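Here is the structure we will look at.
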There are 2 protein chains.
Amino acid sequence: MATPKYQMIADEIRRRIHMNVYPAKSLIPDQNTLAKEFGVSRMTIKKALDGLAVEGLIYKQSGLGTYVLGDVSVHASDSPAEAFDGLTKQEGEEHVSSEVIKFDVSLPSELIQKKLDVASDEPVYVIDRLRKIDGVPRVLEHTIFPLKLVPGLTREILMGSIYDYMHQALNLKFGGALRRINATLANDFDVAHLDATTGEPVLEVEQVIWLTTGENLEYSTSRNLASWRGYTVLDINND
Amino acid sequence: MATPKYQMIADEIRRRIHMNVYPAKSLIPDQNTLAKEFGVSRMTIKKALDGLAVEGLIYKQSGLGTYVLGDVSVHASDSPAEAFDGLTKQEGEEHVSSEVIKFDVSLPSELIQKKLDVASDEPVYVIDRLRKIDGVPRVLEHTIFPLKLVPGLTREILMGSIYDYMHQALNLKFGGALRRINATLANDFDVAHLDATTGEPVLEVEQVIWLTTGENLEYSTSRNLASWRGYTVLDINND
DNA sequence: CAGTGGTCTAGACCACCTA
DNA sequence: AGGTGGTCTAGACCACTGC
């Protein structure tokens, strides 16, 4: 069984919604009918529909049926940023380049000890990178990793995608992230590297990323010129 | 059956994690053992664990077992904002008051027609409110609803919680929201009402909220003094 | 190899909605 | 009352992991 049945069924129903076989704001066939059509038990149909409901594509109501809500793109032309692919994946590898401003190993400050939950004698990488899109400076990233979680980091890797290195070479899996978004003003560092103007608004994203093991992998702050970049969040209500 | 078994089991396991009966970074008993303990089938245990995995509390790996990741609070002291409860729920009713700056009915601009997917002859409410926490101006909200979705709106309701009115009096259910967060500078309107200083950073949240029926209910922008408020996002990786 | 979680079934009962 | 989705079972087979 390459891909699970419920996944294939979900894909097919998603396709039908996009193709308007199941038009928006209409009811799709009930679970028993779908179970017969796909030659599968009702539980499997339900699991497929559950996934589509989490995506916000349909809404199920007991006693009534299953509505098509339509695509998220119905609600906005803008699609949300991918959560765990860095800039490189979002913009395409060929567009992104990185300038390494700082690449140090040090002992963690108290703030970092708290954010990453590491001991005071546990060395960490401290990295400042300027990320450019098509050669234009766009994002200033200040990143801290525990050294033991990211062994063998080099300047060469930093010039490309750190996330590719973590996923492919180190086989690390991201468990989740907690992000805080703030509005700030451009500081001297932004002016020097981002081509910002003093007093210009800057969107700052502060985040902690942890692994599926529960260990904290990264604490970082990234600064984006507001005129270029916002932060988009899609929120589906599940009650 | 008041609450489903899987829900009660999930609550119990969550309690055990908080109580350190299942300590962080350890394995919890396997699904068959739990099924026997709770006198329930394994599918039910799995559904309970699935829920906890979505919350980011545990991580399951086929062939290995189920790890405790610990609480999200392990990763940050700050908890994310509640998605669909307005300010009133977040801060507590007794702390929030609202000043209605504008309360109009008009025909939608082209932007609004597009954002709310309403016809040009479909009247909408246009509302500006200044929200105060403990009497201090904190948030400027500019909100637009289609009139037909929110009948009977009055100034009195606007002074309290619109969301309570929608949920309780109108029985509307939120399907989801798409939000975009931007960094901007305080404008004259902010200076006049928010006690902002010109040139101060302002966090702007622009959002579309839709109902479980797929209809768009609200388009709004809210402006927060950055010094007071950020926006927090929790992101659990599900692959 | 034994043990884990992932998937799937066929059928059952329930709560909810519309009529 | 009849139909909907929600829950639950007892058992089966699979893929993956570690020993």
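Because the structure is predicted, anything quoted here is derived from the model rather than measured. A, B, ... follow the sequence lines: proteins, then strands. Residue 1 opens every chain. Only this structure's heavy atoms are used, side chains among them; waters, hydrogens and symmetry mates stay out.
- Within the 4.5 Å cutoff, no side-chain heavy atoms of B:Arg14 are placed close to those of B:Glu12.
- The distance between atom NZ of B:Lys173 and atom C1' of C:dC17, rounded to the nearest whole Å, is 11 Å.
- Of the residues in residues 35-47 of chain A, those lying under 4.0 Å from DNA chain D by heavy-atom distance are A:Arg42, A:Met43, A:Lys46.
- Considering A:Ile28, A:Asp30, A:Ile45 as possible partners of A:Thr66, the one that fulfils the side chain to side chain contact (heavy atoms under 4.5 Å, CB included) test is A:Ile28.
- Between B:Tyr231 and B:Val205 there is a side-chain heavy-atom pair separated by less than 4.5 Å.
- Rounded to whole Å, the distance from CD on A:Gln7 to C1' on D:dA15 is 17 Å.
- Remark: C1' of C:dG6 and CD1 of B:Ile58 are 14 Å apart, rounded to the nearest angstrom.
- Contact annotation: A:Lys5 does not reach the phosphate of C:dT7 (side-chain N/O to OP1 or OP2, under 4.0 Å).
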Q) Given B:Leu57 and B:Ile13, is the side-chain contact (heavy atoms from CB on, under 4.5 Å) satisfied, shown in steps? A) CA-CA 10 Å; B:Leu57 212 59; B:Ile13 294 176; over 6 Å; no
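- One interatomic measurement links the two molecules: CG of A:Leu49 to C1' of D:dG5, which rounds to 10 Å at whole-angstrom precision.
- Figure legend: cation-pi geometry between B:Lys115 and B:Tyr219 absent, as NZ or CZ is not positioned both under 6.0 Å from the six-membered ring centre and within 45° of its axis.
- Between B:Gln61 atom CD and D:dC14 atom C1' the separation is 17 Å, expressed in whole Å.
- Going from atom OH of B:Tyr67 over to atom P of D:dT17 covers 11 Å, rounded to whole Å.
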**Q.** Verdict with supporting geometry, A:Leu158 and A:Ser98, side-chain contact (heavy atoms from CB on, under 4.5 Å)
**A.** CA-CA 7 Å; A:Leu158 292 183; A:Ser98 301; over 6 Å; no
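- Annotation: proximity of residues 21-32 of chain B to DNA chain D (heavy atom, distance under 4.0 Å) is found for no residue.
- Considering only residues two or more places apart in sequence or on other chains, B:Glu37 meets the side chain to side chain donor-acceptor pair (under 3.5 Å) condition with B:Arg16.
- Protein atom CG of A:Leu34 is 16 Å distant from nucleotide atom C1' of D:dG6, rounded to whole Å.
- Under 4.0 angstrom from either OP1 or OP2 of D:dC8 there lies no side-chain N or O belonging to B:Tyr6.
- Between the B:Asn216 side chain and the B:Trp210 main chain, no donor and acceptor come within less than 3.5 Å of each other.
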Q.
Please determine whether side-chain hydrogen bond (donor to acceptor under 3.5 Å, both in side chains) holds for the pair A:Glu218 and A:Tyr163, giving the CA-CA distance in whole Å, both sets of side-chain angles, and the decisive distance to 0.1 Å.
A. CA-CA 11 Å; A:Glu218 163 181 334; A:Tyr163 291 137; 3.3 Å; yes
